[in-house]
Participant: 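Have a look at the structure that comes next, please.
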Protein chains: 2
Amino acid sequence: MLLTRASEYALLALDIIRNADKPKGAEQLSIELSIPKSFLAKILQGLAKEGILESKKGAHGGFVLVKKSSEISIASIVIAAEGKTPAVFDCSQYSTTCPNGSIGSCTISPFLVTFQTKIDTFLQKLTLEDIFK
Amino acid sequence: MLLTRASEYALLALDIIRNADKPKGAEQLSIELSIPKSFLAKILQGLAKEGILESKKGAHGGFVLVKKSSEISIASIVIAAEGKTPAVFDCSQYSTTCPNGSIGSCTISPFLVTFQTKIDTFLQKLTLEDIFK
DNA sequence: TATAAATTAGAGTAAAATAGTCCTAATTAG
DNA sequence: CTAATTAGGACTATTTTACTCTAATTTATA
Ligand code: SF4
Ligand code: SF4
């Protein structure tokens with residue numbers, strides 16, 4: 001699977017956050033979405049680190065959007081949630097075991113690059129606003 | 001990752017098979033590609049079951065293409081190799097834990113469907129011949 | 001200024017998927 | 001007959017995913 005639960009939870013949470021007028025806490029979100037609080041908290045922290053969310057500590061704290069929904073790409077969200085860009089097939093991960101020896105020089109590499117580019121482009125052009133229309 | 005080593009090995013092997021004039025054995029292929037023989041054999045068996053390859057047992061046996069490269073879609077190869085269609089995010093896998101209750105009815109479902117369709121279409125239109133050009 | 005409500009950081013664990021292995025049986029060309 | 005080769009199935013190892021737990025830190029507000 002290209003995406004994991006981290007991206008699922010991130011997107012579900014962001015839809016609630018963008019429609020709220022006050023900061024939303026991790027616990028509240030986890031209840032509304034029926035998903036594990038600790039796990040969601042970790043994901044929201046990641047989004048905050050990447051500048052997609054602003055986090056407010058302490059009483060009445062929580063998470064709010066920094067930019068407008070139309071200015072946040074799905075690519076940036078997924079990268080923040082997963083900790084890396086979603087890959088069709090990550091040769092670099094197999095750097096030590098690439099049967100070809102030198103990565104990116106096998107017969108199927110052009111296909112992999114083309115495919116990956118398609119996906120990257122699609123996710124970069126799509127915004128948080130787009131996907132809820 | 002969307003694809004696993006099964007798809008990588010399948011495609012690498014198919015490129016050799018399509019350029020050969022005699023049946024290619026699993027062992028020979030595994031040597032040429034420097035990949036594990038037993039694992040490759042399993043993958044080739046899968047391709048044969050799906051009618052992408054014809055397998056010939058016994059001495060001088062091996063695998064040959066049944067159709068022309070231009071008539072074999074990458075989608076069919078990947079499905080045969082992976083045992084399932086490559087999914088962006090497979091909700092059905094989480095049927096018991098979908099926080100939304102009824103699968104496919106959450107706020108991000110439309111996005112997931114659109115994305116999945118893009119990928120399906122891309123892989124269905126692309127043939128084995130195309131990717132080596 | 002004490003307290004309760006929050007996020008933050010990091011380590012640790014459980015479950016699932018991936019990437020194989022291994023052995024035995026069946027088939028077939030020579 | 002026999003050596004070469006695929007077929008099938010059970011099994012194991014490794015890696016990734018999906019969490020959990022605890023302690024520290026920050027901050028509104030009573
Ligand atoms: S053989 Fe090709 S696909 Fe496989 S790891 Fe090497 S470069 Fe990547
Ligand atoms: S909440 Fe949406 S994305 Fe998650 S499993 Fe259910 S339908 Fe799929």
Side-chain angles (χ1 to χ4, degrees), chain A residues 1-10 12-13 17 22-31 33-50 53-64 78 81-84 86-87 89-90 92-99, chain B residues 1-10 12-13 17 22-31 33-50 53-64 78 81-84 86-87 89-90 92-99:
Chain A
M1 280 194 296
L2 190 62
L3 305 180
T4 68
R5 292 224 105 143
S7 290
E8 180 199 0
Y9 294 162
L12 290 171
I17 293 169
K22 289 185 302 182
K24 276 277 184 179
E27 181 157 27
Q28 177 63 20
L29 287 165
S30 78
I31 294 167
L33 292 168
S34 309
I35 61 183
K37 173 190 156 184
S38 299
F39 190 31
L40 177 61
K42 271 276 133 66
I43 295 163
L44 295 173
Q45 280 168 36
L47 297 179
K49 266 192 188 165
E50 293 300 313
L53 288 175
E54 186 182 347
S55 64
K56 301 190 174 178
K57 282 184 172 183
H60 305 296
F63 299 87
V64 289
V78 170
E82 310 266 336
K84 63 184 179 198
F89 186 77
D90 186 2
S92 71
Q93 182 180 37
Y94 298 125
S95 54
T96 53
T97 53
C98 167
Chain B
M1 280 195 295
L2 190 62
L3 305 179
T4 68
R5 293 223 104 143
S7 290
E8 180 199 358
Y9 295 163
L12 290 171
I17 293 169
K22 288 185 302 182
K24 275 278 184 179
E27 182 158 26
Q28 176 63 20
L29 286 166
S30 77
I31 293 168
L33 292 168
S34 310
I35 60 183
K37 171 189 157 185
S38 299
F39 190 30
L40 177 62
K42 271 278 137 60
I43 294 164
L44 295 174
Q45 281 168 36
L47 296 178
K49 266 193 186 165
E50 294 300 314
L53 288 175
E54 185 182 347
S55 64
K56 302 191 173 179
K57 282 185 174 182
H60 305 296
F63 299 87
V64 288
V78 170
E82 310 266 335
K84 64 184 181 202
F89 186 77
D90 186 2
S92 71
Q93 184 180 35
Y94 298 124
S95 54
T96 53
T97 52
C98 167

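Scope of the values below: all heavy atoms of this structure, side chains included, with no hydrogens, waters or symmetry mates. Protein chains get the first letters and strands the later ones, always in sequence-line order, with residue 1 at the start of each.
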Participant: Starting at the 5' end of DNA chain C and moving along, which residue's nearest nucleotide shows up first, B/His60 or B/Lys84?
Facilitator: B/Lys84
Participant: Any chance CD of B/Glu27 has more than 12 other-residue heavy atoms, nucleotides or ligands included, within less than 6.0 Å?
Facilitator: no
Participant: To the nearest Å, give me how far apart CG (B/Leu2) and C1' (C/dT18) are.
Facilitator: 15 Å
Participant: Looking at side-chain heavy atoms only, is the closest gap between B/Glu8 and B/Leu3 below 4.5 Å?
Facilitator: no
Participant: Over how many whole Å does the gap from B/Leu44 atom CG to C/dA19 atom P extend?
Facilitator: 16 Å
Participant: Could you tell me the separation between the CG atom of B/Leu40 and the C1' atom of D/dT6, rounded to a whole number of Å?
Facilitator: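 After rounding, the reported distance stands at 12 Å.
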Participant: Mind checking A/Ser38 for me? I need base, sugar-phosphate or nothing, with any heavy atom below 4.0 Å counting as a touch.
Facilitator: base
Participant: Whole angstrom is fine here: how far is it from CD1 in A/Ile31 over to C1' in C/dA6?
Facilitator: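 From A/Ile31 CD1 to C/dA6 C1': 13 Å.
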Participant: Could you say whether B/Ala26 or B/Phe89 is positioned toward the 5' end of DNA chain D, judged by the nucleotide with the nearest heavy atom to each?
Facilitator: B/Ala26
Participant: Just say parallel, tilted or perpendicular for the rings of B/Tyr9 and B/Phe39, cut-offs at 30° and 60°.
Facilitator: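 Rings of B/Tyr9 and B/Phe39: perpendicular, over 60°.
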Participant: Within the structure, does a side-chain N or O atom of B/Thr4 lie under 4.0 Å from either OP1 or OP2 of C/dA17?
Facilitator: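 Checking C/dA17 against B/Thr4, no side-chain N or O comes under 4.0 Å of OP1 or OP2.
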Participant: Between A/Phe63 (CZ) and D/dT26 (C1'), how many Å, whole number?
Facilitator: 13 Å
Participant: B/Lys49 NZ to D/dG9 C1': how many Å, rounded?
Facilitator: 10 Å
Participant: Is any side-chain N or O of B/Lys37 under 3.5 Å from a base N or O of C/dG20, one able to act as donor and the other as acceptor?
Facilitator: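 Such a pair does not exist between side chain and base.
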Participant: Looking at D/dA18, C/dA19, C/dT8, which one has an atom nearest to any side-chain atom of A/Lys57?
Facilitator: C/dT8
Participant: Under 4.0 angstrom, heavy atoms only, what part of the nucleic acid is A/Gln93 near: base, sugar-phosphate, or nothing?
Facilitator: sugar-phosphate
Participant: Could you check whether any side-chain heavy atom of A/Leu2 comes within less than 4.5 Å of a side-chain heavy atom of A/Val78, counting everything from C-beta outward?
Facilitator: no
Participant: What is the distance, to the nearest angstrom, from the OH atom on A/Tyr94 to the C1' atom on D/dT16?
Facilitator: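 About 10 Å, once rounded to whole Å.
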Participant: It should be established whether B/Ser55 places a side-chain nitrogen or oxygen under 4.0 Å from OP1 or OP2 of nucleotide D/dT5.
Facilitator: no
Participant: Using whole Å, report how far CZ of A/Phe39 lies from C1' of C/dA9.
Facilitator: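 Value for this atom pair: 16 Å.
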Participant: Contact class for B/Gly58 vs. all strands (heavy atom < 4.0 Å): base, sugar-phosphate, or nothing?
Facilitator: base
Participant: Ignoring hydrogens and geometry beyond distance, is the side chain of B/Lys42 in donor-acceptor contact with the base of D/dG9 at under 3.5 Å?
Facilitator: yes
Participant: Any side-chain heavy atom of B/Leu12 sitting closer than 4.5 Å to one from B/Ile35?
Facilitator: no
Participant: Is any side-chain N or O of B/Tyr9 closer than 4.0 Å to OP1 or OP2 of C/dA19?
Facilitator: no
